Chemist: 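Here it is, the structure in full.
In this text the structure is predicted, and so the values were computed from the model without any measurement.
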Amino acid sequence: MAGGFPQGSDGGARTADGGDGGGIRTFPFPVERSVCGVGMQIAPMGPDRTWHADAPLDRVHRLDFHLVMLLDGGPLRHMIDFTEYEATAGDVLWIRPGQVHRFSRDAEYRGTVLAMQPGFLPRATVEATGLYRYDLPPLMRPGPARLAALRAASEQLRREYEDTETLPLSLHTAVLRHALTAFLLRLAHLAAGSAGAAPPAEDSAFTLFREAVERDFATNHSVTAYADALGYSRRTLARVVRAASGETPKAFVDRRVVLEAKRLLAHTDLPIGRVGAAVGFADAANFSKFFQQHTRTGPAAFRAEHR
């Protein structure tokens with residue numbers, strides 16, 4: 001495969017299967033290869049920069065960090081959570097943590113790639129930039145003016161990232177966060193505009209809920225439990241989640257559970273009972289009923305359709 005990305009390491013790569021392997025491999029942010037060990041990388045893509053040999057890009061996998069590709073080449077096809085996106089020069093692909101994706105085997109990925117570790121930016125910036133707006137499409141096609149502004153912002157960020165001589169580490173990191181925020185604000189505006197969506201919700205309560213669901217959905221499906229843990233009433237939580245996502249807390253949790261079940265059914269050979277256990281169902285029959293209710297197809301049929 002042609003193409004290149006910030007070099008990674010599969011040290012610490014793990015599987016998501018609720019058991020002892022056979023699931024989807026997740027690769028951590030390669031902080032040891034980041035300049036000064038900061039929580040981001042930005043670099044050109046090219047054939048001389050490759051991923052770890054044990055993590056073939058043309059196989060499905062996930063990252064536990066954000067990956068943004070500002071493309072100079074193409075066309076290419078890139079699969080993200082069951083959708084094949086066709087991208088070319090001037091397009092932007094934004095892959096968020098946990099999304100299952102696969103690179104094209106024969107395509108040449110050229111341009112600039114940005115990797116961001118969760119936690120590198122403060123919560124206020126995360127909310128303002130909509131870093132976890134999984135409802136927005138990963139592919140963006142900016143017009144000439146917005147593309148030029150994105151390229152300028154990415155070049156400024158890259159210059160700051162590579163400049164390790166003029167500032168002490170603490171100030172270097174602070175400048176990087178500001179430059180990264182400027183780039184992400186432009187990107188978030190583009191993403192929301194591309195989907196005709198509302199601007200990112202700046203509600204800490206929803207952010208806390210989303211983080212709790214992402215952390216605990218495999219073991220906790222109870223809206224009451226989430227509300228109690230976060231210190232909100234069910235009514236308050238419902239209002240906050242509805243305003244930010246347009247759906248009820250229960251629908252939000254169920255959608256996350258269904259997505260994970262789909263990923264494991266489509267991309268692993270785990271028995272259906274093990275898939276159910278991995279998303280919080282001790283009984284395989286209850287899992288099958290839940291999956292059927294939300295997808296209008298059974299787990300076995302869904303797996304057969306996506307193989």
Side-chain angles (χ1 to χ4, degrees), residues 26 29 39-40 42 62-71 78-85 87 91-101 113-143 146-147 149-150 153-154 157 177 180-217 226 230 237-260 262-263:
T26 300
F29 180 81
M40 61 155 287
I42 185 167
R62 337 181 198 223
L63 308 172
D64 73 357
F65 53 93
H66 293 268
L67 193 72
V68 177
M69 292 179 283
L70 183 53
L71 299 173
H78 194 102
M79 189 282 288
I80 305 172
D81 274 334
F82 306 104
T83 300
E84 290 277 353
Y85 293 94
D91 290 349
V92 181
L93 279 169
W94 185 349
I95 302 161
R96 290 171 168 84
Q99 290 186 309
V100 173
H101 70 122
V113 61
L114 167 67
M116 299 173 286
Q117 186 177 34
F120 181 63
L121 293 171
R123 183 179 300 280
T125 302
V126 170
E127 293 167 0
T129 55
L131 283 190
Y132 295 93
R133 289 287 302 273
Y134 287 91
D135 57 307
L136 298 179
L139 176 62
M140 290 160 278
R141 293 194 165 100
R146 290 184 177 180
L147 178 59
L150 272 178
S154 70
L157 177 58
R177 288 194 174 108
L180 178 57
T181 297
F183 175 79
L184 290 176
L185 285 170
R186 289 190 176 277
L187 192 65
H189 179 68
L190 175 63
S194 297
E202 299 185 36
D203 194 314
S204 293
F206 175 71
T207 301
L208 292 171
F209 172 71
R210 180 198 55 74
E211 290 174 349
V213 171
E214 188 63 29
R215 182 180 64 246
D216 300 332
F217 73 88
Y226 284 112
L230 296 173
L237 185 62
R239 175 180 54 77
V240 165
V241 175
R242 175 76 72 179
S245 69
E247 56 190 349
T248 66
K250 179 60 174 169
F252 188 94
V253 174
D254 286 351
R255 181 165 55 82
R256 182 62 183 90
V257 173
V258 168
L259 174 60
E260 194 66 19
K262 285 180 175 180
R263 289 167 170 172

Chemist: Short question: side chain of R177, backbone of F120 - any donor-acceptor pair under 3.5 Å?
Modeler: yes
Chemist: Quick one: are I95 and V68 in side-chain contact, heavy atoms under 4.5 Å?
Modeler: no
Chemist: Apply the side-chain contact (heavy atoms from CB on, under 4.5 Å) test between H78 and each candidate in L71, L93, T83, D91; give the one that qualifies.
Modeler: L93
Chemist: Looking only at heavy atoms, what is the nearest atom pair of I80 and P138, with distance?
Modeler: CD1-CB, 3.6 Å
Chemist: Which atom names give the shortest non-hydrogen contact between F206 and A244, and what distance separates them?
Modeler: CG-CB, 3.4 Å
Chemist: Nearest 0.5 Å, please: how far is CZ in F183 from CG in L114?
Modeler: 6.0 Å
Chemist: Output the distance between atom NE2 (H101) and atom CE (M79), rounded to the nearest 0.5 Å.
Modeler: 8.5 Å
Chemist: Working note: M116 + L184, criterion side-chain contact (heavy atoms from CB on, under 4.5 Å); need CA distance, chi angles, decisive distance, verdict.
Modeler: CA-CA 11 Å; M116 299 173 286; L184 290 176; 3.6 Å; yes
Chemist: Can you name the closest pair of heavy atoms from S204 and R123 and give their distance?
Modeler: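 Closest pair (atom of S204, atom of R123, distance): OG-CD, 4.4 Å.
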Chemist: Could you work out, with side chain to side chain contact (heavy atoms under 4.5 Å, CB included) as the rule, every residue matching E247, not counting sequence neighbours?
Modeler: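 Expected list: S245, A251, F252, R255.
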Chemist: If you define the side chain from C-beta out and look only at heavy atoms, does anything of V92 sit under 4.5 Å from L150?
Modeler: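 With C-beta onward as the side chain, the pair touches.
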Chemist: Is it true that a side-chain atom of D64 and a backbone atom of F29 form a donor plus acceptor pair closer than 3.5 Å?
Modeler: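 Flag set: sc D64 to bb F29 pair under 3.5 Å.
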Chemist: Within the 4.5 Å heavy-atom criterion, are V213 and R210 side-chain neighbours or not?
Modeler: no
Chemist: Under the side chain to side chain contact (heavy atoms under 4.5 Å, CB included) test, which residues partner A238, sequence neighbours left out?
Modeler: P249
Chemist: Taking atom CZ as the centre, does R186 end up with more than 12 heavy-atom neighbours from other residues, nucleotides or ligands that are less than 6.0 angstrom away?
Modeler: no
Chemist: Using side-chain heavy atoms (C-beta onward) and a distance below 4.5 Å, is L190 in contact with R141?
Modeler: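 Answer no - side chains too far apart.
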Chemist: Minimum heavy-atom separation for S154 to I42, with atom names?
Modeler: O-CD1, 3.5 Å
Chemist: Between the side chain of Q99 and the main-chain N/O of R96, is any donor-acceptor distance below 3.5 Å?
Modeler: yes
Chemist: What pairs with Y132 under ring pair (Phe, Tyr, Trp, His ring centres under 6.0 Å), at least two apart in sequence or on another chain?
Modeler: H66
Chemist: Tell me the closest heavy-atom pair linking T129 and W94, and the distance in Å.
Modeler: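 Nearest heavy atoms, T129 then W94: O-CH2, 4.2 Å.
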Chemist: Decide yes or no on side-chain contact (heavy atoms from CB on, under 4.5 Å) for V241 and F209, but give the supporting numbers first.
Modeler: CA-CA 8 Å; V241 175; F209 172 71; 3.5 Å; yes
Chemist: Return the minimal non-hydrogen interatomic distance between L131 and L121, and the atom names on each side.
Modeler: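 Shortest heavy-atom contact: CD1-CD1, 4.2 Å.
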Chemist: Looking at CG of L147 and CE of M140, how far apart are the two atoms once the value is rounded to the nearest 0.5 Å?
Modeler: 11.5 Å
Chemist: Looking at R62 and E260, is there a salt bridge between them, counting it only when a charged N and a carboxylate O are closer than 4.0 Å?
Modeler: yes
Chemist: For Y85, give me all partners under ring pair (Phe, Tyr, Trp, His ring centres under 6.0 Å), at least two apart in sequence or on another chain.
Modeler: none
Chemist: With D254, which residues qualify under side-chain hydrogen bond (donor to acceptor under 3.5 Å, both in side chains), at least two apart?
Modeler: K250, H294
Chemist: Please enumerate all residues that pass side chain to side chain contact (heavy atoms under 4.5 Å, CB included) together with R242, with sequence neighbours excluded.
Modeler: T248
Chemist: Between F82 and V100, does the side-chain contact (heavy atoms from CB on, under 4.5 Å) criterion hold? Intermediate values first, please.
Modeler: CA-CA 8 Å; F82 306 104; V100 173; over 6 Å; no
